[in-house]
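Only this structure's heavy atoms are used, side chains among them; waters, hydrogens and symmetry mates stay out. Both counts, for ligands and for their atoms, begin at 1 and track the order of listing. No experiment lies behind these values; they were computed from the predicted model shown.
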Amino acid sequence: MTATLIDGKAIAETVKAQVKEGVAYLKSEYNLTPGLATVLVGERPDSRAYVASKQKSCAELGMNSFGHTLPADIPQNELLEIVQGLARDSQVHGILAQLPLPNHIDAEAILGAVPIEKDVDGFSPLNVGRLSMKNREPMFVPCTPLGCLQLIESTGTQIEGARAVVLGRSNIVGLPMAFLLLHRNATVTICHSRTRDLPDIVRQADIVVAAIGKTRFVPGDWIKPGAVVIDVGINEVPDATKKSGKRLVGDVDFDSVKEVAGFITPVPGGVGPMTIAMLMQNTLTAAQRAAGLLKP
Ligand code: NDP
């Protein structure tokens, strides 16, 4: 069996087209342009690339982006003041502090300075807390898991009653992903670095979400035939055929898994574009709430 490819790029384009319409409506009817502030600390090339693509998407969709690129050695109090200023700025509807922040920065304090109504990444403890509770709505759901959920839904697979295995328990991907699936009535198992008998657990899954950051970690013989496999991982491997000398691969061994799974996301072109599309959607939502068009 060869899996059907889940085209994250195409699905993300559809989401972005809807967001673009929403932005145009806000501008013409309310003279309001949604604005996303990005806070980038240091020189990490991957972080720079992520922030640049988020700013590019803002421009494509007609949103404002306010970029703050700061030196790696910025003192904690200065960074905090910048974020607090963005929190007060009425032109800024969403604030994104690109993670990871340097070690000398207390990331918790910085994320804590982002007001919940501008927390478009959905990383604040209040948002995560609400997401983890029954019958409580977070203001924003973290972008990557929200995008993964839409990719799973795009396959038409019934999530209710399905067995889902989430590999990874980070605050930004694994944990919120597990809650989203649980709220859709899947039976969810969360695996991590201390999990025993990982292959046997993954083999039971109708839905697998891999978010561990380990190159091609999940082989085809761990996959239940027909399962939906969502590969969140972004790992660089050497590739002499590329100008850069490297390319990106996921946490899933695509070549063997695609022979067994029912659906699979590629890397790149799967989860990555959806993460950005969800960020744009969350920023539009923040602006719509600021205009009084949506209830918080
Ligand atoms: P973290 O490093 O924060 O978390 C990794 C998780 O994987 C941890 O929970 C860890 O377990 C678990 N883990 C590590 N090794 C194993 C193992 N051998 N077996 C089982 N579990 C293991 O990573 P993130 O969640 O931030 O990111 C995961 C991957 O997703 C990365 O490749 C990252 O680049 C990518 N990513 C992609 C995004 C996108 O838009 N496509 C967005 C965000 C991330 P433990 O808790 O026990 O340490």
Which residue and heavy atom of the protein sit nearest [atom], plus the separation:
atom	result
atom 20 (C) of ligand 1	H192 O, 3.1 Å
atom 13 (N) of ligand 1	I212 CG2, 3.7 Å
atom 18 (N) of ligand 1	F217 CZ, 3.4 Å
atom 42 (C) of ligand 1	T144 OG1, 3.3 Å
atom 23 (O) of ligand 1	S170 CB, 4.4 Å
atom 8 (C) of ligand 1	R169 N, 4.0 Å
atom 11 (O) of ligand 1	S193 N, 3.2 Å
atom 43 (C) of ligand 1	V173 CG2, 3.8 Å

Review point. Of the listed options (D46, V232, L175), which comes nearest to atom 35 (C) of ligand 1 when hydrogens are ignored and any heavy atom counts?
Key: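 Closest candidate by heavy-atom distance is V232.
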
Exercise for review: Report the member of I234, T195, L167 with the shortest heavy-atom distance to atom 33 (C) of ligand 1.
Suggested key: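 The residue whose heavy atom sits nearest atom 33 (C) of ligand 1 is I234.
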
Practice item. Step through the shown structure and confirm whether more than 12 heavy atoms of other residues, nucleotides or ligands are within 6.0 Å of CG on N77. Key: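 Counting other residues, nucleotides and ligands, CG of N77 exceeds 12 neighbours.
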
Give the numbers and elements of all ligand 1 atoms closer than 4.0 Å to a heavy atom of [X].
X	result
G272	40 (O), 41 (N)
I172	26 (O)
G213	28 (C), 29 (C), 31 (C), 32 (O)
T275	39 (C), 40 (O)
K214	15 (N)

Should [X] and [Y] count as an ion pair when the cut-off is N to O under 4.0 Å?
X	Y	result
R247	E236	no
E43	R48	yes
E13	K9	no

Review point. Under a single-linkage definition using a 4.5 Å side-chain heavy-atom cutoff for Ile, Leu, Val, Met, Phe, Trp and Tyr, are L131 and V114 assigned to the same hydrophobic cluster?
Key: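 Yes, one cluster joins them.
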
Review point. Is the Lys NZ or Arg CZ of R136 less than 6.0 Å from the centre of F179's six-membered ring, within 45° of the axis?
Key: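 Ring-cation test returns no.
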
Practice item. Flag the pair L146 / M274 as yes when at least one side-chain heavy-atom distance between them is below 4.5 Å, and no otherwise. Key: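 Contact flag for L146/M274 side chains = no.
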
**Study point:** L5 side chain reached by P266 side chain, heavy atoms, under 4.5 Å
**Key:**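 Counting from C-beta outward, P266 and L5 do come under 4.5 Å.
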
Point to revise | Heavy-atom protein neighbour under 4.0 angstrom from atom 2 (O) of ligand 1 | key: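 No, no protein heavy atom sits under 4.0 Å from atom 2 (O) of ligand 1.
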
**Study point:** Intermediate values then yes/no, side chain to side chain contact (heavy atoms under 4.5 Å, CB included), V228 and I230
**Key:** CA-CA 7 Å; V228 177; I230 306 293; 4.0 Å; yes

Can you give me every donor-acceptor pair (side chain of residues 205-217, partner residue at least two apart or in another chain, under 3.5 Å) with its distance?
residue	atom	partner	partner atom	Å
D206	OD1	K224	NZ	2.7
D206	OD2	R163	N	2.8

